[in-house]
Amino acid sequence: MSMTMTQKILAKHAGLDQVVPGQLIEAKLDLVLGNDVTTPPAIDVFEKTNATQVFDSAKVALVPDHFTPNKDIKSAEHCMKMRRFAKAFNIENYYEIGDPQMGVEHVVLPENGLIAPGDAIIGADSHTCTYGALGAFATGVGSTDLACAMATGQTWFRVPEAIKIVLTGSLQGHVTGKDLILYIIGMIGVDGALYQSMEFAGPGVASLSMSDRLTICNMAIEAGGKNGIFPVDEKTLAYLQKYAAERYAAERYQVFAADEDAEYARVIEIKLDDVQLQVAFPHLPENTKVLGEFERVDIDQVVIGSCTNGRLEDLRLAASIFKGHKVKKGIRCIVLPGSQRVWKEALKEGILEVFADSECVISAATCGPCLGGHMGILAKGERCVSTTNRNFVGRMGHPESEVYLAGVPVAVASAVLGYIGGPDDLNK
Amino acid sequence: MNAKGKVFKYGANVDTDVIIPARYLNTSDPKELAKHCMEDIDATFVDRVQDGDIIVAGPNFGCGSSREHAPVAIKASGISCVIAPSFARIFFRNAINMGLPIMESKEASERIGNGDEVEVDFDTGEIKDLSTGEVFTAKPFPEFIRKIIEADGLVGYIAEKAKS
Ligand code: SF4
């Protein structure tokens, strides 16, 4: 029987020739990830497994990004617990803030060369699905799964069915990958891909940058998906060559492609040229509207960054639109570079200066206000346009605050305008 | 491996908040959690449930939060198996990781009645309604899942593996 891309990767890691949807399998993992929220409880579980070491100290990544720089005593203690564990077990990929390899987990893992095509990865963070952009299988799990996987290097999966999303043409104007994924979530709903893989295909894939693909896979979970995955092409390999030079040179990766006649639960066709600028209204990512097709929404804050849109390409794009404009008086605009590397590159390219001239505040390369942690929390009734991935009730602060999700161009334009708008509104 | 008991029947989309309300999440002691299991959907459940009993419910059982407390509470209440046409993804994982057997069967879910005596064979996937004589088949668990459940959950399974 023929298989989808995800099914092939899972079969390989389970040592099977063939898997079918619904099958329960035990698979070997190439990488296991935890952060400062999910790792401390996993450490308690790990201790109960009788394990005396982690399965491979090079294949565990622990990233203290959610409440760092430590927000309060409790988060400081969580981070301490994680730091001690990392030291005790010689975890190679444990980073401290300021480290050139540090940043938001889903931005740094690909940049640090830890992801390659064909890998099977779990992370105790729902946005672990980001890595599908590189043709890997990656999905989010809980703390017990993280603990057991750190001990054994394996986990169990139920083999998912897939939705095939066939892309043609190319995105136009200021429309980005973020708009595409919001458009898809708006179309299929927040449970539209429940249990399933979202497999992207078609000639339109080639036109999407790696940064767009990472943004798109990042939000597969917002449609309920188990994972998102892109086919491997020249752009993927060029990315690998740049960030995972050693693995690339040694050819320590494997390219899987879906069979021509693989079965899909559903096929969706999208002409990229038709996708317009999107805004997801509170309080679900599926509440999407096309920019320009709603009444004026005044705002208080803009956040640019996160694991969804905090890459160098995102900051470059933001700076190019900000240039010559200032954040509207009375509005706050917070820029969070996704990683220390992005921060430094942005500094070198003069991008940070553009932000400063535009009167944005530039924050540390961590999660910050994205999950309502700290450094930009909203008060009751406040509205924020954000390039992050979730706008649930209370996600960025008070339960009666509101988050509007958008791509970088809309976020920048809204910061300048003081209400939700696009770059074309800036010169009116 | 078998389970046998009386059925508690519920509808579709039984969520983690009714399985174990958030107000009781300040403990992770299974016995304490079990005292409030299903409280918001069936206040008499905890008084009536006996060891070995079975929950039969509608689709999307366990939707909502990722709390591992939900399957823990059900298991600690004495329930030996949950049967439903489908389970929410994270609940599905958590149930197996906590060692709570779950079986997917649309027919069984539709045809088994409240209070029926039911017997489940995890090795074959056979679900027998002893009250009506009807037999249904769900997919049996592969061996490693049976081992996880026998070891009382993923942690026990791994601890046992580490010993051998
Ligand atoms: S940036 Fe936001 S979504 Fe991404 S890992 Fe951090 S908190 Fe989660």
Side-chain angles (χ1 to χ4, degrees), chain A residues 14-16 19-27 37-38 41-42 44-55 122 124-126 129 139-161 190-191 193-197 221 223-227 392, chain B residues 12-13 15-16 25 28 59-72 85-106 122 125 138-149 151-164:
Chain A
L16 302 168
V19 294
V20 292
Q23 188 176 344
L24 294 164
I25 56 160
E26 220 172 4
V37 171
T38 55
D44 296 336
V45 178
F46 184 85
E47 283 163 2
K48 290 190 207 147
T49 64
N50 294 338
T52 49
Q53 53 204 2
V54 299
F55 79 105
I122 61 166
D125 186 277
S126 59
C129 49
T139 194
V141 297
S143 290
T144 298
D145 285 309
L146 166 64
C148 295
M150 285 197 296
T152 64
Q154 307 201 54
T155 197
W156 63 274
F157 292 113
R158 185 151 91 144
V159 177
E161 290 188 296
V190 291
D191 58 356
L194 194 67
Y195 270 150
Q196 298 171 324
S197 327
I221 177 69
K226 180 170 193 143
N227 67 314
F392 298 164
Chain B
N13 302 313
D15 65 68
T16 50
L25 294 183
S28 50
N60 202 25
F61 188 89
C63 59
S65 88
S66 65
R67 63 187 70 145
E68 293 179 347
H69 307 73
V72 168
S86 63
F87 293 86
R89 176 182 168 247
I90 299 182
F91 182 89
F92 188 95
R93 274 202 91 79
N94 289 344
I96 289 179
N97 288 346
M98 300 298 130
L100 171 70
I102 52 178
M103 303 233 98
E104 290 183 325
S105 167
K106 190 162 173 279
F122 298 125
K139 239 189 232 145
F141 291 133
E143 204 192 320
F144 77 90
I145 296 277
R146 281 207 299 272
K147 282 192 186 153
I148 292 176
I149 290 168
D152 208 25
L154 191 59
V155 174
Y157 172 64
I158 283 168
E160 263 165 41
K161 263 203 190 166
K163 267 190 252 153
S164 60

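Worth knowing before you read on, the calculation uses all heavy atoms, side chains too, and leaves out hydrogens, waters and symmetry mates. Chain naming here is simple, since letters A, B, ... match the order of the sequence lines and numbering starts at 1 in each.
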**Prompt:** Can Glu26(A) and Lys147(B) be counted as an ion pair, charged N to O under 4.0 angstrom?
**Reply:**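 Answer for the salt bridge query: no.
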Open item on the list: Please classify the contact of Leu194(A) with chain B as side chain, backbone, both or neither, using a heavy-atom distance under 4.5 Å.
Closed with: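 Side chain only.
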- So what's closer than 4.5 Å to chain B heavy atoms on Ser143(A): side chain, backbone, both or neither?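 Backbone only.
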Student check: side-chain heavy atoms of [X] and [Y] closer than 4.5 Å:
X: Leu154(B); Y: Asp145(A); value: yes
X: Arg93(B); Y: Thr144(A); value: no
X: Arg158(A); Y: Ile96(B); value: no

Review point. Hey, what's the ring geometry for Phe92(B) with Tyr195(A), parallel, tilted or perpendicular (30° and 60° as the breaks)?
Key: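 Because their plane-to-plane angle is over 60°, the rings of Phe92(B) and Tyr195(A) count as perpendicular.
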Could you go through Arg89(B) and Thr139(A), starting from their C-alpha distance and side-chain angles, then the distance that decides it, and tell me whether this counts as side chain to side chain contact (heavy atoms under 4.5 Å, CB included)? CA-CA 12 Å; Arg89(B) 176 182 168 247; Thr139(A) 194; 3.2 Å; yes
| request: Measure across Leu24(A) and Phe144(B) and return the closest heavy-atom pair with its distance rounded to 0.1 Å. | output: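 Minimum heavy-atom contact is O-CE2, 3.7 Å.
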Practice item. Pick one of side chain, backbone, both or neither for Ile158(B), based on which atoms fall under 4.5 Å of a heavy atom in chain A. Key: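 Contact with chain A: backbone and side chain both.
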